[in-house]
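Every chain is numbered from 1 and lettered A, B, ... according to where its sequence line falls, protein lines coming before strand lines.
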Amino acid sequence: MDEQRAELARIAPDLLGPAAERKIEPKGLPDLPNVQAWPKVVMRLAPFPSGPLHVGNSRMVILNDYYVRRYAGELILVFDDTIGSEDKVLEPDAYDLIPQGLDYLGVKCDRTIYKSDRLELFYKYARDLIQKSLAYVCTCNAETWRKENKAKGIPCACRNTSPEENIRRWEKMLDGTYSAKAAAVRLKTGMDLPDPALRDHVILRVSETEHPRVGSRYRVWPLLEFSWGIDDHELGISHIIRGKDLVKEGKIEELVWNMYSWKHPELIYYGRLKFEDATLSKSKSRREVKIGTYSGWDDPRTWSMQSLAKRGIDPNALKKVMLDLGLSLADISISMKAVYSENRKLKDTEAPRLFFVEFPVWLNLTRVPADVVKAEAPVHPDFPERGFREIPLTRKARKLIVGIQGTDYEHIEEGGIFRMKDFANFTLQKTPTPGALFHSREVERIREAGAPIIQWVPKEAAVPVEMTLVDGKKITGLAEPAISRIPVGTFVQFERVGFGRVFEADPSIRVAFAHK
RNA sequence: GCCCCGGUGGUGUAGUCCGGCCCAGCAUUGGGGACUUUCGCUCCCCCGACCCGGGUUCGAAUCCCGGCCGGGGCACCA
């Protein structure tokens, strides 16, 4: 290699220079294509309001927001609230839940638009396309059309009817003569297209379903590919970043743009994203929230932005992970561990430390010097200036009892030495009424022995705490008294247990577990 | 059946367009260690990858051809 390079330097030195100086693309996300062709980068978020934003949807939001900021562009929130279908149902609450999720992510939209306000616009274009014979009203049975026409690439009789006849049929769709399924508008994309998925796709159809915003004012609704074919142009969208589940729709959009000779927004797709440790199902979440098996839209099992906020997940942790995925078209499967790792880095320094014991085994302590009436533990080990939490050691009927984690009790052998963190060293007595014998106070003794240092709670002052786990299960445990002075909303660390956020203090303390 | 898209360590990603700065970088996970009165944070170390086969070339993760494997579309859903 070096020899070759030397040889090249000898025979053609000028070839080396430019190569060496060639601009290396910055690491990270690529530039947006063809930016110079647009007066301004304009992008859009187009959620279907069927529920709150969840971790899966967040990729779309984060990516679009990132690029809009990078190019100082404009971001439009467009509720893609066409009528949907039997399994894609509009959820009225989503109109509030989605903006809440955007707030959590720190995403600001320049304006908000509702697809359901724009039906007349789509009708205008539909009529125009029909008049130009670029679209037709098809009254064939959907299933037979699929089998006999689409699959075989054979046009149906409706395709060749006159524009006048088609306008008459169009009026019948609007006035209710045609009921749902009886007729639909097809775009003349071409029956001879090699890809059957694209052949004369339906762009508007009849639905009698009531809409949460506009009620039953409209009975003809556009499909995504058509409404966006129009709106991406009408709204001046320059760049579209979305999942590759929409590439077929993108192709149909392009056909619409071509029919009107409109400039094409740049289409950028990314692959499917799965989480190894999170099952994302809006319809299931919706069901469970409705019947009350989930605590609400902030239940951890929904994986909604609300649920992450409740658990104290920093939105920047999610953003970091999502941006790290880039714009690859490959389907990927990642773990929430990546988000948790970022979150720990971001929030470890702020989290006050506390002791929490889930299934306490009560130990009767003996030979603790009488002058020991409290223990002091740092609020945060790396920041002594934040002070200490006091853990009172109150005797009752001359007994001093503390609780340790059942698993710790199991793991420490009879007579084994261990340390109750920030308190003292003991030897364990696995007698019928478990106890522990005071051994010493110095932590050095434990270090030398390599013995465990565990968390504990005093029986007399322990505070009951309910903790919601990631799987929705609620466990009840006891925390040290200092937790009573922790404000609601604080991200805390239960030492040796994990991080969580106090989301309620009255009437009792409740914590949402975040991660280890 | 017809169409489309992917394939770099366990996971994700950079590099691929414009072949040599790549015996492949980064992050995370896992393992080990330092620090530490937490199984946290921080720091250090280690394990670990270009799907396969041809071809072009002085040189291929990168270009060409052929396979293999995987994902997806073919809804009057978004």
Exercise for the section: Write down the atom of A:Tyr67, the atom of A:Pro30, and the distance for their closest heavy-atom approach. Expected result: OH-O, 2.6 Å
Quick check: any donor-acceptor pair below 3.5 Å linking the side-chain of [X] to the base of [N]?
X	N	value
A:Asp331	B:G70	no
A:Arg353	B:G40	yes
A:Glu342	B:U28	no

Sugar-phosphate, base or nothing in reach of [X], heavy atoms under 4.0 Å:
X	result
A:Asp382	base
A:Pro194	sugar-phosphate
A:Leu223	sugar-phosphate
A:Ile332	sugar-phosphate
A:Ser335	nothing
A:Gln455	nothing
A:Asp422	base
A:Ala142	base
A:Phe499	sugar-phosphate
A:Thr349	nothing
A:Glu249	base
A:Ser328	sugar-phosphate
A:Gly84	sugar-phosphate

Round to a whole Å and report the spacing from [atom1] of [X] to [atom2] of [N].
X	N	atom1	atom2	value
A:Leu323	B:U13	CG	C1'	12 Å
A:Leu63	B:U13	CG	P	12 Å
A:Tyr136	B:C76	OH	P	12 Å
A:Lys516	B:U28	NZ	C1'	18 Å

Exercise for the section: Calculate, to the nearest 0.5 Å, the distance between atoms CG and CG belonging to A:Leu45 and A:Leu53 respectively. Expected result: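 Those atoms lie 8.0 Å apart.
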Handout entry: From CE (A:Met191) to CD1 (A:Ile154), nearest 0.5 Å
Key = 8.0 Å
Fill in the blank from the handout: Result for 5'-nearest mapping on RNA chain B, choosing between A:Lys337 and A:Lys421, is A:Lys337
Practice task
Using the closest heavy atom to pick a nucleotide of RNA chain B for each, name whichever of A:Ala151 or A:Asp81 lands nearer the 5' end.
Solution key: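 So the residue in question is A:Ala151.
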Counting only side-chain N and O atoms of [X], is one of them less than 4.0 Å from OP1 or OP2 of [N]?
X	N	answer
A:Lys248	B:A75	no
A:Arg146	B:A75	yes
A:Thr82	B:C77	no
A:Arg205	B:C77	yes
A:Arg344	B:C41	yes

Problem - A:Asp408 and A:Trp456 side chains, donor-acceptor separation under 3.5 Å - result: no
Practice task
Check whether the side chains of A:Asn34 and A:His239 place a donor and an acceptor atom closer than 3.5 Å, and report yes or no.
Solution key: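 No pair is found: no donor N or O on one side chain lies under 3.5 Å from an acceptor on the other.
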Handout entry: Cationic N near anionic O, under 4.0 Å, A:Asp348 to A:Arg353
Key =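 Salt bridge between A:Asp348 and A:Arg353, a charged N being under 4.0 Å from a carboxylate O: yes.
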Find the partner of [N]: check Watson-Crick (N1-N3 plus N6-O4 or O6-N4) and G-U wobble (N1-O2, O6-N3) distances, both under 3.5 Å, and reply none if neither fits.
N	result
B:C69	B:G6
B:A27	B:U11
B:C35	none
B:C47	none
B:C17	none

Practice task
Check for a donor-acceptor pair, side chain of A:Asp200 on one end and backbone N or O of A:Arg186 on the other, with a separation under 3.5 Å.
Solution key: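 The answer is no, because no donor-acceptor pair under 3.5 Å joins these two groups.
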Of the listed nucleotides [options], the one nearest the side chain of [X]:
X	options	answer
A:Val202	B:C74, B:G40, B:C76	B:C76
A:Asp195	B:G12, B:G73, B:C77	B:G73
A:Ser85	B:A78, B:C77, B:G73	B:C77
A:Lys345	B:C5, B:U28, B:C76	B:U28

Handout entry: Option from A:Glu266, A:Glu249, A:Glu253 for which salt bridge (Lys or Arg N to Asp or Glu O under 4.0 Å) with A:Arg242 holds
Key =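 When salt bridge (Lys or Arg N to Asp or Glu O under 4.0 Å) is applied between A:Arg242 and each of A:Glu266, A:Glu249, A:Glu253, only A:Glu253 qualifies.
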